[in-house]
Amino acid sequence: MTKNYQMYIAGAFCDAGDGQRFDSVNPATEEVWASFPEATAKDVDRAVKAAHQAFTEGPWSRTSARERGRALKRIAHELEKVGPELSVAETTDTGKLLRETRWQAGNLAEIYDYYGGLADKVEGSLPPVGPNQPLSMIVREPLGVVGAIVPWNSQLHLAAFKIAPALAAGNTIVLKPSEEAAAAIVEFARVMHAAGLPEGVFNVVTGGGNPCGQTLVSHPLVRRVSFTGGVETARKVISASVENIAMLSLELGGKSPVVVYDDADMDNVVNGVTSAIFAASGQSCAAGSRLLLQDGVYDDVIDHLVVRAGDIVVGDPMADDTQMGPLATRRQRDLIERLLTESVDAGAKVLSGGGRAGRDKGWFFEPTIVACDGQDYPMVRNELFGPVLSVLRFRDEEEAIRLARDSDYAFAGGVFSRDFGKAYRTARAIPAGRFWINTYRVTNYAMPFGGSGNSGYGREGGIEAIHDYTQTKAIFADLSGAPVADPFVMR
Ligand code: NAP
């Protein structure tokens with residue numbers, strides 16, 4: 001039976017003003033399993049106004065930093081109780097492995113806990129000024145309503161890195177999940193409700209890019225937009241900010257290189273590369289999708305990887321022994337098939353996989369490895385967002401770095417070598433917001449992430465992220481008691 005979800009505006013669960021709904025499909029079965037309100041522009045306007053009211057006049061505007069921290073810790077506490085339910089909703093909606101969504105749900109509580117602890121540590125400063133100058137204070141203040149947009153992959157996790165620092169700093173939020181997968185976020189709204197946040201502090205609107213997303217990012221009362229998604233949508237978000245002059249952060253895609261030198265440890269390479277491209281079915285912004293292998297180790301690494309890719313268990317994302325679930329959307333599978341076909345037609349060679357995984361239903365795709373004799377293939381230039389690895393060959397450190405740098409994206413990267421000096425030089429030479437040496441994909445909420453170029457700008461995670469949801473105010477206070485000087489008398 002289809003599950004009917006509601007969105008969350010001004011502290012209440014509700015339907016769209018005009019009663020319209022849209023369906024969500026389980027990517028493992030291709031069956032409709034849930035439906036959501038299709039928010040109209042008016043619904044989004046109501047949510048933003050509720051958030052604005054909460055920021056300017058509601059109790060949230062008067063809470064101390066410590067109270068905000070305690071609210072975040074209550075959210076963490078609630079998450080510990082309902083994490084398993086959230087993970088089932090996310091897996092059903094996106095096909096991400098239950099094992100992984102379970103782990104992420106556990107980690108969610110830690111993120112809210114972390115920012116809860118930081119809420120009362122957002123400090124201003126007193127710069128040194130001359131003895132006859134007024135007291136000069138720099139205070140940090142919240143921005144107002146934050147419009148947050150997340151894609152379908154790791155949505156709860158990605159949303160947490162927006163919600164937690166934004167609330168810790170004193171802002172209010174309207175969040176839009178992807179129309180492709182909104183269930184986990186709407187379930188999460190119940191957590192916020194149970195945590196007792198004042199009305200309007202947190203709102204969820206469900207609907208597509210337009211009008212729901214577009215109305216949110218261009219709304220005149222939205223002061224800050226935190227966007228995670230693809231580069232084409234990011235361009236629309238940037239255009240919208242021309243209207244409301246909202247501050248932006250853009251967490252976009254990647255085409256991240258993984259460099260393997262001749263002296264690397266083979267077991268580490270195989271596990272690291274498998275994790276870089278086949279974990280989460282390659283649907284990760286940080287996926288290491290361009291493998292650069294040095295001449296001396298090229299054949300050996302490929303032989304090992306082909307065996308490993310062939311052993312990966314593709315199947316039901318709910319099952320504990322599954323290693324790769326389906327792609328989250330049909331659109332994604334179509335894109336991968338098109339770019340792969342164009343590349344093979346142009347001369348790229350499939351070494352493993354290359355097609356739909358043999359199941360009747362569901363958007364399953366085989367773990368795929370493709371040899372490319374240069375970077376001018378569509379699959380090397382573009383983000384596929386799936387389990388497809390391009391493999392290239394290089395002679396020396398200089399060529400590895402040149403190939404790695406030759407991309408419009410700069411999100412992440414990795415290097416495998418026993419020579420730490422060489423690995424470190426490589427890490428420093430490749431533009432990226434995140435880089436792994438002799439490992440891949442390990443993460444921690446205290447570490448920042450984000451990219452540059454077509455991978456966007458801004459950083460999420462870590463202490464600094466709170467500052468991104470504040471702005472400074474410079475206050476000059478003359479405490480000397482001396483009369484204010486006549487501006488037309490020169491002294
Ligand atoms: P997408 O198509 O760009 O969608 C992202 C979000 O933007 C969705 O909620 C989407 O809503 C919404 N949207 C669409 N049109 C909009 C508009 N005109 N105004 C405002 N919002 C709009 O991306 P996707 O295919 O869902 O996600 C995959 C992309 O996200 C990949 O490029 C991936 O690398 C990137 N990503 C980046 C990070 C990171 O941290 N850097 C993390 C995860 C994913 P609808 O889906 O309802 O249309």
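Sequential numbering from 1 along the given sequence is applied to the chain's residues. All ligand and atom numbering here is 1-based and tracks the order in the structure.
- Distances from atom 29 (C) of ligand 1 to the heavy atoms of Ser178, Gly229, Ala181, Ala182 put Gly229 nearest.
- Taking only nitrogen or oxygen atoms, main chain and side chain alike, Trp152 reaches within less than 3.5 Å of ligand 1.
- For a threshold of 3.5 Å applied to N or O pairs, the pair formed by Thr228 and ligand 1 contains no separation below that value.
- Environment of CD in Glu199: sparse, with no more than 12 heavy atoms of neighbouring residues, nucleotides or ligands closer than 6.0 Å.
- Between Gly230 and ligand 1, an N or O atom pair is found at a separation short of 3.5 Å.
- Geometrically, Arg333 does not engage Phe365 in a cation-pi contact defined by less than 6.0 Å to the ring centre and at most 45° from the axis.
- Between Phe449 and ligand 1, not a single N/O pair is under 3.5 Å apart.
- Polar contact check, Ser284 against ligand 1: no nitrogen or oxygen pair lies under 3.5 Å apart.
- Within the structure, ligand 1 lacks Gly451 among the residues with a heavy atom less than 4.0 angstrom away.
- Both the backbone and the side chain of Glu251 come within 4.0 Å of ligand 1, judged by heavy-atom distances.
- The two residues Asp18 and Glu38 make their nearest non-hydrogen contact at OD1-O, 4.2 Å.
- Within the 4.0 Å heavy-atom criterion, the part of Val150 lying near ligand 1 is the backbone and not the side chain.
- Residue contacts with ligand 1: Glu383 is placed with a nitrogen or oxygen under 3.5 Å of a nitrogen or oxygen of the ligand (distance criterion only).
- At a 4.0 Å heavy-atom cut-off, ligand 1 touches Ile149 through the side chain alone.
- For ligand 1, the atoms lying closer than 4.0 Å to a non-hydrogen atom of Gln214 are 17 (C), 18 (N), 19 (N), 20 (C).
- Between the choices Gln155, Gln332, Arg434, Arg331, the shortest heavy-atom distance to atom 25 (O) of ligand 1 belongs to Arg331.
- Contact annotation: Glu460 has no heavy atom less than 4.0 Å from any atom of ligand 1.
- For the pair Asn210 and ligand 1, no heavy-atom separation below 4.0 Å is found.
- A donor-acceptor pair shorter than 3.5 Å can be found between the side chains of Asn4 and Ser35.
- In this structure, Phe202 has its ring center no closer than 6.0 Å to that of Tyr112.
- Counting heavy atoms only, Lys176 comes closest to atom 11 (O) of ligand 1 of the residues His157, Glu179, Lys176.
- Ring-plane geometry between Phe13 and Tyr8 is classed as tilted, the angle between the planes lying from 30 to 60 degrees on a 0 to 90 degree scale.
- Between Arg99 and Asp320, the shortest heavy-atom contact is NE-O, 3.0 Å.
- Pro177 counts as a contact of ligand 1, since one of its heavy atoms falls under 4.0 Å from the ligand.
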